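Because the structure is a prediction, the values reported are computed rather than measured. Below, read A as the first sequence line, B as the second, and so on, with proteins coming before strands; counting in each chain starts at 1.
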Protein chains: 2
Amino acid sequence: MSQSIQRAIDLIRRSAEHPMSLTEAAEMLGVHKSTALRILQTLEGARFVRKTGAGTYVFGSGLIELSELALGSMDLRQFASEHLRLLQRQTGHTVHLAQLTGDEIIYVDKVDSPAFDAVKLPSRIGRAVSIYASAVGKVILAHLSREERDRLLAHVTFERYTDTTFADRESLDAELARVAQRGWALDDGEHDAYVMCIAAPIMDSRGKVIAAVSVTAIEVIANLHQLKEKLPLLLETSELISKELGFTPERPSAPTAS
Amino acid sequence: MSQSIQRAIDLIRRSAEHPMSLTEAAEMLGVHKSTALRILQTLEGARFVRKTGAGTYVFGSGLIELSELALGSMDLRQFASEHLRLLQRQTGHTVHLAQLTGDEIIYVDKVDSPAFDAVKLPSRIGRAVSIYASAVGKVILAHLSREERDRLLAHVTFERYTDTTFADRESLDAELARVAQRGWALDDGEHDAYVMCIAAPIMDSRGKVIAAVSVTAIEVIANLHQLKEKLPLLLETSELISKELGFTPERPSAPTAS
DNA sequence: CCTTTGCGTTGCGTATGCTGCAATGTATCG
DNA sequence: CGATACATTGCAGCATACGCAACGCAAAGG
């Protein structure tokens, strides 16, 4: 659409990976150096990129700050933070908070194990999660209305990542029915063969599912059975967070009792 | 410099704060709605903003992801991560990692206390720290070469935030001499009257200071004396991180005493 | 039910603002 | 000290991003 803005975006993307010189930037865009320079200077003014002493350009603090600001202003994240950290300490495993935003599910928080022997998972805040090959994805899908579920799955092209992946709409629907009934989801290595996961939904004040919490472990650390033992803790966490968002379970016989 | 890019930047900034409608965006920029639309569509294509169901635009996951990518690719952050988390658990206080990037010092990691009663500090990853009114700033300045220190302080306009602020070059230099000699810095409420802090430097393989670790507490939780008791833990942490970066202490007679 | 209003969106001619060129400045090298 | 390889600045031309006006659409209101 907008040429110069697209060029600026390309440069930002590039700067997040490697430092780049002005000449590199110009070559990458296929434009004259003076053009690249003006774009970079504009970005530099906003601290979207920063110029190093060596004259190369790198990703700037302005974007990091904005991104932290945006994440920080999410109500969900604030309400959930302490519960996630408690859950991490209780289970010893990595805890994720994934939020449904528009048509995709993205990680908005992650609490790693502080232990030295902890395995670093490839998940990253801001990154989208597979909607059908993850516990958080499935548990959110399972609790959505039929229309919304169809909308989210409309543009999905299924891919069989591992043996256990639900790689077509039919088997996925069957799985989602099971998930909806019991109220939580498993991921038995459906995206990465050795990554196990359990997830529970988070509801807002209108009872709509908007996010999910999950506990993740690799098979070497804990198998599926061991992970399931943490279910009560996980469910307690998801219920507490939902409650903080104003969700009240449907049972009419349960008033504001403490 | 570049008009349309500047406009795009303004819209990104705005979207990080509130959701905005197309009309709002156009009014804010003082341009026609069609112009604002094209900019937003370009940004949307890169997931720098996202369009909500209500038709408003919000900060997109693309920028969050890029920012996490940029932070994650910093070697320092990877090497330091687990040490910071250990230090947090050992001290119970908030731990910061601040890195010297260009002419400014920014927070690149932060480990809050997971305790429920923990006070949320206003610091935020990506934000710049005062270079002369913070423990991390002072400890980095104190270990820099004379030229670099002068360069960093050249454009600084001193401001006396509190009674204890070193608000002129002369008193700051005296303080920096003390800091350099003992190898760590204090912040006795020099930026915010009730925020106490101790910091130690992190060296790279060439022995140059590139970052600092700090332990922070508000006076209600721990006074300066109590904070100083954590010094051995702090120094151990900073030395371990420096070692991971390839730094070897000059003193051959100082073994790995615990 | 039709009208009105307030949005977002599209097509198009125009001029603004971006681009490329060439010249200048600056640092690093032989 | 000249040569090279950069980044940077000024300027003229034209491509591109702009504003306008018309359209589509949904919600509000008579």
Roughly, in whole Å, what's the span from [atom1] in [X] to [atom2] in [N]?
{"X": "B/L29", "N": "C/dG17", "atom1": "CG", "atom2": "P", "answer": "13 Å"}
{"X": "A/L37", "N": "D/dT8", "atom1": "CG", "atom2": "P", "answer": "5 Å"}
{"X": "A/Q6", "N": "D/dA15", "atom1": "CD", "atom2": "P", "answer": "21 Å"}
{"X": "B/Q41", "N": "D/dA17", "atom1": "CD", "atom2": "P", "answer": "13 Å"}
{"X": "A/L40", "N": "C/dT19", "atom1": "CG", "atom2": "P", "answer": "12 Å"}
{"X": "B/E44", "N": "C/dG8", "atom1": "CD", "atom2": "C1'", "answer": "13 Å"}
{"X": "A/I39", "N": "D/dT9", "atom1": "CD1", "atom2": "C1'", "answer": "17 Å"}
{"X": "A/E24", "N": "D/dA5", "atom1": "CD", "atom2": "P", "answer": "16 Å"}

Q | Per-nucleotide protein contact string for nucleotides 24-30 of chain C, where B marks a base within reach and S marks sugar-phosphate only (heavy atoms under 4.0 Å, - for neither) | A | -------
Out of [options], which nucleotide sits closest to the side chain of [X]?
{"X": "A/V31", "options": "C/dG20, D/dT8, D/dC18", "result": "C/dG20"}
{"X": "B/T23", "options": "C/dG8, C/dG20, D/dC18", "result": "C/dG8"}
{"X": "A/H32", "options": "C/dG20, C/dG8, D/dA7", "result": "C/dG20"}

Q: Starting from the C-alpha separation in whole Å, work towards a yes-or-no answer on side-chain contact (heavy atoms from CB on, under 4.5 Å) for B/W184 and B/S238.
A: CA-CA 10 Å; B/W184 49 271; B/S238 68; over 6 Å; no
Q. Looking only at atom types and distance, does a side-chain atom of B/H32 sit under 3.5 Å from a main-chain N or O of B/S34, one as donor and one as acceptor?
A.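 Present.
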Can you pull every protein N or O that's under 3.5 Å from an N or O on nucleotides 11-14 of chain D?
none

Q.
Any base atoms under 4.0 Å from B/S4, or only sugar-phosphate, or nothing? Heavy atoms, all strands.
A.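 Since only primed, P, OP1 and OP2 atoms lie under 4.0 Å of B/S4, the category is sugar-phosphate.
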Q.
Regarding A/S34, tell me which of base, sugar-phosphate or nothing describes its non-hydrogen contacts under 4.0 Å with the strands shown.
A.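 If one applies the 4.0 Å heavy-atom cut-off, A/S34 turns out to touch a base.
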Between [X] and [Y], does any side-chain donor sit less than 3.5 Å from a side-chain acceptor?
{"X": "A/S67", "Y": "B/S67", "answer": "yes"}
{"X": "B/H18", "Y": "B/E24", "answer": "no"}
{"X": "A/S130", "Y": "A/S134", "answer": "no"}

[X] with [Y]: basic N within carboxylate O range, under 4.0 Å:
{"X": "A/E65", "Y": "A/R47", "result": "yes"}
{"X": "A/D150", "Y": "A/R169", "result": "yes"}
{"X": "A/R14", "Y": "A/D10", "result": "no"}

Do the side-chain N or O atoms of [X] get closer than 4.0 angstrom to the phosphate oxygens (OP1, OP2) of [N]?
{"X": "A/R7", "N": "C/dT19", "result": "yes"}
{"X": "A/Q3", "N": "D/dA15", "result": "no"}
{"X": "A/K51", "N": "D/dT8", "result": "yes"}

Q. Taking the inter-plane angle between the rings of A/H191 and A/Y161 on a 0 to 90° scale, is it parallel (under 30°), tilted (30 to 60°) or perpendicular (over 60°)?
A.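 A/H191 vs A/Y161 ring planes: tilted.
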Q | Considering all heavy atoms, the nearest A/E17-B/L69 contact | A |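 Scanning both residues completely, I find the closest heavy atoms to be CG-CD2, 4.4 Å.
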Q: Return the 5'-most residue of the pair A/S2, A/Y57 with respect to DNA chain D, ranking by each residue's nearest nucleotide.
A: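 Upstream on the strand: A/Y57.
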